[in-house]
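All remarks here apply to the structure that follows.
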Number of protein chains: 2
Amino acid sequence: MKSRMNITEIAKQAGVSIATVSRVLNNPSLVKESTRQRVLDVLQSTNFKINAIAKNLRTKKSYSIGLIYTSVLMLFYNMISKGVEDIAIGKSYNVFFCNSGDDPIKESDYLSLLYEKRVDGIIVSPTGNNRELFENIISYGIPVCFIDRIVKGINTDSVVVNNRESSCNAVSYLIEKGYGRIGFISGPKWTWTGIERFKGYLDAHAAHNIEFLEELVRFGDFQYDSGYEGAKELIKEGDIDALYIANEPMAAGALEYLNEKKIRFPEDIGFLMWDNPYWSTLVKPQISVVSQPMYTIGTTASELLFKRITAAEAYMDKEPLKITLNTELVIRGST
Amino acid sequence: MKSRMNITEIAKQAGVSIATVSRVLNNPSLVKESTRQRVLDVLQSTNFKINAIAKNLRTKKSYSIGLIYTSVLMLFYNMISKGVEDIAIGKSYNVFFCNSGDDPIKESDYLSLLYEKRVDGIIVSPTGNNRELFENIISYGIPVCFIDRIVKGINTDSVVVNNRESSCNAVSYLIEKGYGRIGFISGPKWTWTGIERFKGYLDAHAAHNIEFLEELVRFGDFQYDSGYEGAKELIKEGDIDALYIANEPMAAGALEYLNEKKIRFPEDIGFLMWDNPYWSTLVKPQISVVSQPMYTIGTTASELLFKRITAAEAYMDKEPLKITLNTELVIRGST
DNA sequence: TTGAAAGCGCTAACAG
DNA sequence: CTGTTAGCGCTTTCAA
């Protein structure tokens, strides 16, 4: 087993001091051409790779960021993480990916771990808990950027979409298209996203002077099963003209139920869902969706974070940036 | 901005030496109950979190592993990464996720970066290049475990599925079901997985004494577009009784083409694909698949890696473990 | 243009 | 049971 090179060894072989090796690595222009070349040669021939751990300890930067999100099994978060990573790797940063599964305890564990690893910044789709921990982290000067959701009372950068307005638009479209009773499988009330989309549903009804009926709403947990159950209950309970669903996994669950019962859209029922997974164009007819700019959410959050990380102090104290991106209502065959 | 605690500060506040603080953190039983309690109190009240960077420098372990895979946008890799992470986090390890996009250059960049970050091990779905770099890394004692694919000539742990046999089984099933001309959208020839599944296709034909016809095969690149194009060409070129497709994205592309042309299965054509994305049960009829134990691939690889990482030297020198898992042929309505 | 030396925060002998 | 001290591999003054 070969042992790894370090700059002391390089210095020895090149006949210079470790300071000179370090300069060649970080500030080549400070070193005389001939010396530099000599060091470079040794660096090359020994296949030297810097020990980032030691460097990080000394410079107090880790060149890593953390990304905490709900689930690696949702296209929504996958696209976001791709965006985050593409920006990060462009700056030679690595990304620690963490699946919280929306569990506050796991979130807290990950936050602690990332803190210990001294990541230079954290992008997180927060569960809504752990407020104190977030405040703590931010107070130590570690930039935090929220994505998809925000935590009330925590003032930091965020990148979200206009959930309420988008939801209102989507439901308004259904109403204007002539759908009467619009069943809604909502996200949970304890999530910001869930609430906002629900408010949008109410807004659309109010704007069209349609009475809101509680019986038309089921609050799921954004997971597959609750979509299946929601569809089952809503359809059993009474006539539903359209089904409007707040995210991808619940929509998949609902679809499964419709398939089982051989309920067809748009003939029997309209079907409109949030997120734009690529299976939404694979089924027949293709499904109308509220499409979020997922990749852009990721790149935007990442760029925001790096602005803070590399900021001149001037920027550090700037007010948090709250960015709201727009969604797109994509009408296809299901409505 | 608060400044972060370190053990020197803790020691001062607790009136002990830093060594004692370190013991409380790592070997509490070595410290007298009353002293320990005093230190613990300070630890608690100051919200101390260890500086992992410093610890890692000293102990020469990073408590991080790297995972390099093709694409965050394929369920296959997502499930694997979930498995990897679940095991890792159970050992308080973090995972650096890296999307190589199957680009050897990105793979090489990531490998270097992970090496610099001193990860304790690497799980990778290799592009097939960078052999020298892999050898180098392994020679420094960093455990490497291949998943999904292997690199010829590199002798290290691996977790793959029985591609050839599975492919043969799948095609045999189609043949025995009565499908005559079986169009195959294969993976690329330069990937191990691609080749193996292609060999399986040949095996099945040979076993049934059916002549292999080159015109029935298209070599894609495992991406969506090549699935679409492959389907288009195969179907244009002549009668195809069934379409057999080597992975998920290509199958999605092919399906898109069938939808466009209103070609139905199983009436017009049989449809059988690798991977078991959940959209395969969302379309009607549901699609028959070769299902891989994705999550298990991830957990198995992770466990293998940790065995090496935490190994007594006795284990370190053990021959690499080559694990081959079985797939499952799931028959649904499309064939 | 270069080298000597201090020190980042921690662990692990070693001594007491 | 506890403290002193060396040192992990690097960067960064400071002095030459």
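Below, read A as the first sequence line, B as the second, and so on, with proteins coming before strands; counting in each chain starts at 1.
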**OP:** Please report, rounded to the nearest Å, how far the P atom of D:dT11 is from the CD1 atom of A:Ile10.
**Re:** 13 Å

Original post:
So, do B:Tyr63 and B:Ser92 sit near enough that their side-chain heavy atoms are less than 4.5 Å apart?
Top reply: no

Original post:
Taking A:Lys322 as the fixed residue, which of A:Thr156, A:Asp157, A:Asn155 is the one that meets the side-chain hydrogen bond (donor to acceptor under 3.5 Å, both in side chains) rule?
Top reply: A:Asn155

Original post:
Does some side-chain heavy atom of A:Val160 sit less than 4.5 Å from a side-chain heavy atom of A:Ile147?
Top reply: no

Side-chain donor-acceptor distances from residues 123-130 of chain B under 3.5 Å, at least two apart:
{"residue": "B:Ser125", "atom": "OG", "partner": "B:Tyr77", "partner atom": "OH", "Å": "3.2"}
{"residue": "B:Thr127", "atom": "OG1", "partner": "B:Glu107", "partner atom": "OE1", "Å": "2.8"}
{"residue": "B:Thr127", "atom": "OG1", "partner": "B:Asn129", "partner atom": "N", "Å": "3.2"}
{"residue": "B:Asn130", "atom": "ND2", "partner": "B:Pro104", "partner atom": "O", "Å": "2.9"}
{"residue": "B:Asn130", "atom": "ND2", "partner": "B:Glu107", "partner atom": "OE1", "Å": "2.8"}

Subject >> Polar contact flag, side-chain donor to acceptor under 3.5 angstrom, B:Lys82-A:Asn99 >> reply: no

**OP:** List the protein contact pattern of nucleotides 4-10 of chain D with one symbol per nucleotide (5' to 3'): B for base contact, S for sugar-phosphate-only contact, - for none; contact means a heavy-atom distance under 4.0 Å.
**Re:** B-BBBBB

Original post:
Contact boundaries of DNA chain C with chain A (under 4.0 Å, heavy atoms), 5' to 3'?
Top reply: C:dT1 to C:dG9

**OP:** Enter the inter-axis angle for the ends of the helix from C:dT1-D:dA16 to C:dG16-D:dC1 (five pairs per end, rounded to 10°).
**Re:** 40°

Original post:
Taking only residues at least two apart or on different chains, which pairs with a member in residues 50-68 of chain B satisfy salt bridge (charged side-chain N to carboxylate O under 4.0 Å, His left out)?
Top reply: none

Subject >> Geometric cation-pi criterion, B:Arg4 with B:Phe48: 6.0 Å, 45° >> reply: no

Original post:
Going by the side-chain hydrogen bond (donor to acceptor under 3.5 Å, both in side chains) test, which pairs reach into residues 293-302 of chain B, not counting sequence neighbours?
Top reply: B:Asp86-B:Tyr295

**OP:** Any chance you could lay out the side-chain contact (heavy atoms from CB on, under 4.5 Å) test for A:Phe97 and A:Tyr110, step after step, and finish with the verdict?
**Re:** CA-CA 10 Å; A:Phe97 283 84; A:Tyr110 274 121; over 6 Å; no

Original post:
Just wondering, more than 12 heavy atoms not from B:Ile105 lying within 6.0 Å of its CD1?
Top reply: no

